[in-house]
Chemist: 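My questions will all concern the structure given below.
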Amino acid sequence: QVQPVESGGGLVQPGGSLRLSCTAPRFTSSRCGMHWYRQAAGKQREWVSSISIYGTETYSDSVKGRFTVSKDNAKDTVYLQMNSLKPEDTAMYFCKAAPSGSWCSSLPWGQGTQVTVSS
């Protein structure tokens, strides 16, 4: 794979849950910190969450306590478990390797996966 591949998005009711996945090649998740971003229609892209190579998690204030980032290095996959979803979580979600080191810095954005929270 040339790009990370995000999946798991869809339409969900407010209060519902989704689990997003981001798969990247060449042991990316063990070599790079990984970020989740989102971009709502007509708005700027914003940072959502990150996980370090050691598994340390960080979150934006808007999702803290509701979202959980994790990873499985053996599968080269990073996850974003999203619970208690709100309409304002509606956005295209992207993963991105942190730009540390030549390999991590060279990896492009994925195409994203759409999350829509609506009744």
Side-chain angles (χ1 to χ4, degrees):
Q1 294 179 325
V2 178
Q3 297 175 302
V5 178
E6 300 94 340
S7 62
L11 176 64
V12 64
Q13 296 182 160
S17 298
L18 285 172
R19 179 180 166 94
L20 306 185
S21 298
C22 170
T23 300
R26 297 285 189 174
F27 308 105
T28 299
S29 65
S30 63
R31 297 166 66 179
C32 316
M34 298 296 292
H35 301 307
W36 283 100
Y37 289 83
R38 66 187 182 188
Q39 186 170 27
K43 298 182 180 178
Q44 297 294 311
R45 185 142 54 196
E46 64 172 334
W47 172 77
V48 175
S49 182
S50 297
I51 186 164
S52 77
I53 59 173
Y54 307 108
T56 301
E57 308 157 35
T58 53
Y59 303 93
S60 69
D61 289 341
S62 63
V63 308
K64 192 174 299 180
R66 299 187 298 120
F67 291 11
T68 303
V69 64
S70 62
K71 63 175 182 172
D72 185 337
N73 289 342
K75 297 180 179 179
D76 285 326
T77 300
V78 180
Y79 304 97
L80 187 67
Q81 178 67 47
M82 306 185 296
N83 299 326
S84 302
L85 283 162
K86 304 174 180 179
E88 52 262 45
D89 295 318
T90 296
M92 187 75 75
Y93 283 72
F94 302 87
C95 65
K96 181 71 172 69
S100 178
S102 58
W103 168 253
C104 302
S105 298
S106 72
L107 297 175
W109 293 90
Q111 294 298 307
T113 185
Q114 178 67 39
V115 172
T116 302
V117 185
S118 177
S119 59

Chemist: Please identify each residue that fulfils ring pair (Phe, Tyr, Trp, His ring centres under 6.0 Å) with Trp109, with sequence neighbours left out.
Modeler: Tyr37
Chemist: Less than 4.5 Å apart, any side-chain heavy atom of Leu18 and any of Phe67?
Modeler: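 SC-SC contact between Leu18 and Phe67 ruled out.
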Chemist: If you compare all heavy atoms of Gln114 against all heavy atoms of Ala91, which two are closest, and at what distance to 0.1 Å?
Modeler: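 Closest pair (atom of Gln114, atom of Ala91, distance): NE2-O, 3.4 Å.
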Chemist: Hey, could you give me each pair passing disulfide bond (SG atoms under 2.5 Å apart) that has a residue in residues 80-119? Not counting sequence neighbours.
Modeler: Cys22-Cys95, Cys32-Cys104
Chemist: If every non-hydrogen atom of Pro108 is compared with every non-hydrogen atom of Gln3, which pair is closest and at what distance?
Modeler: CG-CG, 3.7 Å
Chemist: Please evaluate residues Ile51 and Trp36 with respect to the criterion side chain to side chain contact (heavy atoms under 4.5 Å, CB included), reporting the C-alpha separation (whole Å), side-chain torsions for both, the decisive distance (0.1 Å), and the verdict.
Modeler: CA-CA 9 Å; Ile51 186 164; Trp36 283 100; over 6 Å; no
Chemist: Please answer: with hydrophobic residues joined when any side-chain heavy atoms are less than 4.5 Å apart, are Val117 and Met82 in the same cluster?
Modeler: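 Yes, same cluster.
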Chemist: Ignoring hydrogens, what is the shortest heavy-atom contact between Thr113 and Leu20? Give both atom names and the distance.
Modeler: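 That closest heavy-atom pairing would be CG2-CD2, 4.0 Å.
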Chemist: Taking all non-hydrogen atoms of both residues into account, name the closest pair between Val115 and Gly9 and its distance.
Modeler: CG2-CA, 4.1 Å
Chemist: Taking the side chain from Thr28 and the backbone from Pro25, do they hold a donor-acceptor pair closer than 3.5 Å?
Modeler: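 A pair under 3.5 Å: yes.
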Chemist: If every non-hydrogen atom of Gly112 is compared with every non-hydrogen atom of Met92, which pair is closest and at what distance?
Modeler: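 So the minimum-distance heavy-atom pair works out to C-SD, 3.7 Å.
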Chemist: Side chains of Ser17 and Val12, heavy atoms from C-beta outward: is any pair under 4.5 Å?
Modeler: no
Chemist: Which pairs pass side chain to side chain donor-acceptor pair (under 3.5 Å) with one or both residues in residues 86-97, sequence neighbours excluded?
Modeler: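 Of all non-adjacent pairs touching residues 86-97, those that pass side chain to side chain donor-acceptor pair (under 3.5 Å) are Arg38-Asp89, Arg38-Tyr93, Arg66-Asp89.
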Chemist: Would you be so kind as to tabulate the donor-acceptor pairs closer than 3.5 Å made by side chains of residues 74-81, with sequence neighbours excluded?
Modeler:
residue	atom	partner	partner atom	Å
Asp76	OD1	Phe27	N	3.2
Asp76	OD2	Phe27	N	3.3
Thr77	OG1	Thr23	OG1	3.1
Thr77	OG1	Lys75	O	2.9
Gln81	NE2	Asn83	OD1	3.0

Chemist: By the side chain to side chain donor-acceptor pair (under 3.5 Å) test, which pairs, at least two apart or in different chains, include something from residues 51-60?
Modeler: Glu57-Tyr59, Ser60-Ser62
Chemist: Distance-only, no hydrogens or angles: does the Gln111 side chain make a donor-acceptor pair with backbone N or O of Glu6 under 3.5 Å?
Modeler: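 Absent.
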Chemist: Sorted by first residue and then second, give each disulfide bond (SG atoms under 2.5 Å apart) pair with at least one member in residues 60-93; sequence neighbours left out.
Modeler: none
